[in-house]
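In what follows, every heavy atom counts, from backbone to side chain, and hydrogens, waters and symmetry copies are set aside.
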Amino acid sequence: MTSTGGGDGSWLRAVPGEGGRGPLLTRAGQLVHGARRLGELAHRRPTGITGHQWSTATREGYDFVVCAADTARPVFAVEIGPVAPAGSAGQRSERMKNVVAEAVGLAVLRIGSPTLRAEEHGRRIVAYVIDARAYATLGAGEPEAGDAPAVGFRDILGRLPDGRTGHVNDLGALARAAAVDAYVSRRLVDPIVRGLHVSWRGGPAEGWSWVEVRPGACLVERVTVREERLSVGVDPARLAEDLAAMAVGERLRHLETAEPALTPRDELLADIRRLESRRDEMANGFAFAHLCAD
């Protein structure tokens, strides 16, 4: 797995910023561009890619493309949104895009969520990943003997927006504060946003998050994170759980105007138990057996 994507970049072209399509933001020496088609990022068809694969894949796009400021070449691309249903035409197109992206050396971060959207949440997520990757690079050296263990990006403590001390790089922090406010105003029966995360062998990381809205009925969100030829700088499974909490927060915003679809607590518990039964398929086991208790 590489963190830059593209090797020597021979298949990837510089992303122009003219014509009203300049970068959305500049961060840590990188330029973040909006939506681009794969055909705008790769300038020629690699050996082994058929004409059909190329023509289909290059019409597909990404929500964001992060480029190096000095070369303007892509560092990684980002997709945020619902996962295409199994067996659908969208899934087939996605597979061809994956094949071509791998052939041209494009690193990709795929965030699968029925709630999170590039337009509303994308800039914050992309900025977070850029910062996490930069922080991980700074701490990449071997620690000296006797040094305290390095604090990971996600574990940095600081002042939260509500004035409390907490993990400032928790993407679910605002959702957790919103849940407390909703509980105080009696719109929730429990103020705690709970969650879990797992990493599937040969598959994505997956995070769940939920909050009890009515007695025995929960608002549940699930998010997948897939790193392709990329490291996001934090544990991708933990990132998936934080993103699921962010999605819970998004839905809490609309509690007063629209009744959310809720999952019975017993059904959620059964789902967690089914998840735990698949622990042999997980890369790092299942650390949430305590949630399976009644």
Side-chain angles (χ1 to χ4, degrees), residues 1 79-86 91 108-116 125 128-129 132 136 149-157 166-167 169-173 175-176 179 188-213 216-252 261-294:
M1 191 186 303
E79 290 182 355
I80 303 171
V83 176
Q91 187 189 57
V108 179
L109 170 61
R110 304 182 193 280
I111 296 171
S113 168
T115 299
L116 300 178
I125 293 170
Y128 179 95
V129 171
V151 176
F153 183 75
R154 172 60 174 78
D155 295 318
I156 296 172
L157 293 173
H167 295 110
N169 293 321
D170 171 10
L171 285 171
R176 302 181 208 285
L188 298 180
V189 300
D190 189 332
I192 300 175
V193 178
R194 293 175 167 82
L196 61 81
H197 56 265
V198 300
S199 295
W200 297 105
R201 286 200 187 102
E206 184 173 347
W208 298 16
S209 189
W210 62 90
V211 65
E212 192 167 0
V213 178
C218 301
L219 189 162
V220 181
E221 284 287 330
R222 301 175 185 178
V223 171
T224 57
V225 170
R226 186 183 292 272
E227 301 170 299
E228 298 178 354
R229 299 164 297 282
L230 180 75
S231 170
V232 295
V234 295
D235 177 1
R238 202 170 175 194
L239 174 60
E241 182 181 336
D242 286 349
L243 289 170
M246 177 191 282
V248 165
E250 178 65 25
R251 292 176 63 192
L252 287 178
L262 301 178
T263 301
R265 186 169 53 196
D266 289 345
E267 182 180 323
L268 174 60
L269 178 58
D271 287 343
I272 294 173
R273 286 172 173 162
R274 279 191 289 270
L275 188 69
E276 198 246 357
S277 71
R278 300 176 59 195
R279 63 189 313 147
D280 289 345
E281 302 172 45
M282 299 172 189
N284 302 308
F286 186 73
F288 301 91
H290 59 283
L291 297 174
C292 297
D294 289 325

With a distance cut-off below 6.0 Å to the six-membered ring centre and an angular limit of 45° from the axis, does Arg194 pair with Trp210 as a cation-pi contact?
no

Side-chain contact test, heavy atoms from C-beta onward, threshold under 4.5 Å: evaluate it for Leu269 versus Arg273 and give yes or no.
yes

Before accepting this row, confirm whether a basic side-chain N of the pair Arg154/Asp170 lies closer than 4.0 Å to the acidic partner's carboxylate O.
yes

Between Gly172 and Ala245, what is the shortest heavy-atom contact and its length?
CA-CB, 3.8 Å

Would you name the heavy atoms of Leu252 and Leu188 that are closest together and state the gap between them?
CD2-CD2, 4.0 Å

Taking the side chain as every heavy atom from C-beta outward, state whether Val83 and Thr224 have any pair of such atoms under 4.5 Å apart.
yes

Between Val108 and Arg229, is there a side-chain heavy-atom distance shorter than 4.5 Å?
yes

Looking only at heavy atoms, which two atoms of Ala179 and Pro191 are closest? And how far apart?
CB-O, 3.4 Å

Taking Leu171's backbone N and O only, do any of them form a donor-acceptor pair with Tyr128's side chain (distance below 3.5 Å, no angle check)?
no

Heavy-atom pair of closest approach, residues Val193 and Ala175:
CG2-O, 4.1 Å

Show your working on side-chain contact (heavy atoms from CB on, under 4.5 Å) between Leu268 and Val220 and close with a plain yes or no.
CA-CA 8 Å; Leu268 174 60; Val220 181; 4.2 Å; yes

Electrostatic pair Arg238-Asp155, nearest N-O below 4.0 angstrom:
yes

Check whether any side-chain heavy atom of His167 sits under 4.5 Å from a side-chain heavy atom of Leu157, and report yes or no.
yes

Minimal heavy-atom distance between His197 and Ala237, with the atoms involved, is CB-O, 3.1 Å

Just do the salt bridge (charged side-chain N to carboxylate O under 4.0 Å, His left out) check on Arg201 and Asp280 with the steps written out, would you?
CA-CA 9 Å; Arg201 286 200 187 102; Asp280 289 345; over 6 Å; no

For the residue pair Trp208 and Val223, establish whether any side-chain heavy-atom pair is separated by less than 4.5 Å.
no

Ignoring hydrogens and angles, state whether a donor on the side chain of Thr115 or Glu221 is under 3.5 Å from an acceptor on the partner side chain.
yes

Atom pair SG (Cys292) and CZ (Phe286), whose distance is rounded to the nearest 0.5 Å
5.0 Å

Can you tell me how far the OG atom of Ser209 sits from the CZ atom of Arg251, to the nearest 0.5 Å?
11.0 Å

From CA spacing to verdict: salt bridge (charged side-chain N to carboxylate O under 4.0 Å, His left out), Asp271, Arg222
CA-CA 12 Å; Asp271 287 343; Arg222 301 175 185 178; 2.9 Å; yes

Please name the pair of heavy atoms, one in Pro82 and one in Pro114, separated by the smallest distance, quoted to 0.1 Å.
CG-CA, 4.4 Å

Regarding Arg176 and Asp242, does a basic nitrogen lie under 4.0 Å from an acidic carboxylate oxygen?
yes

Supply the atom-to-atom distance Glu250 CD to Leu219 CG, rounded to the nearest 0.5 angstrom.
11.0 Å

Let me confirm one number: the CE-CZ distance from Met282 to Arg279, rounded to the nearest 0.5 Å.
7.5 Å

Under 4.5 Å between any side-chain heavy atoms of Val211 and Ile192, yes or no?
no

Just by distance, with hydrogens left out, do Trp200 and Glu206 show a side-chain donor and acceptor under 3.5 Å apart?
yes

Taking atom CD1 of Ile125 and atom CD1 of Ile80, what is their separation to the nearest 0.5 Å?
4.0 Å

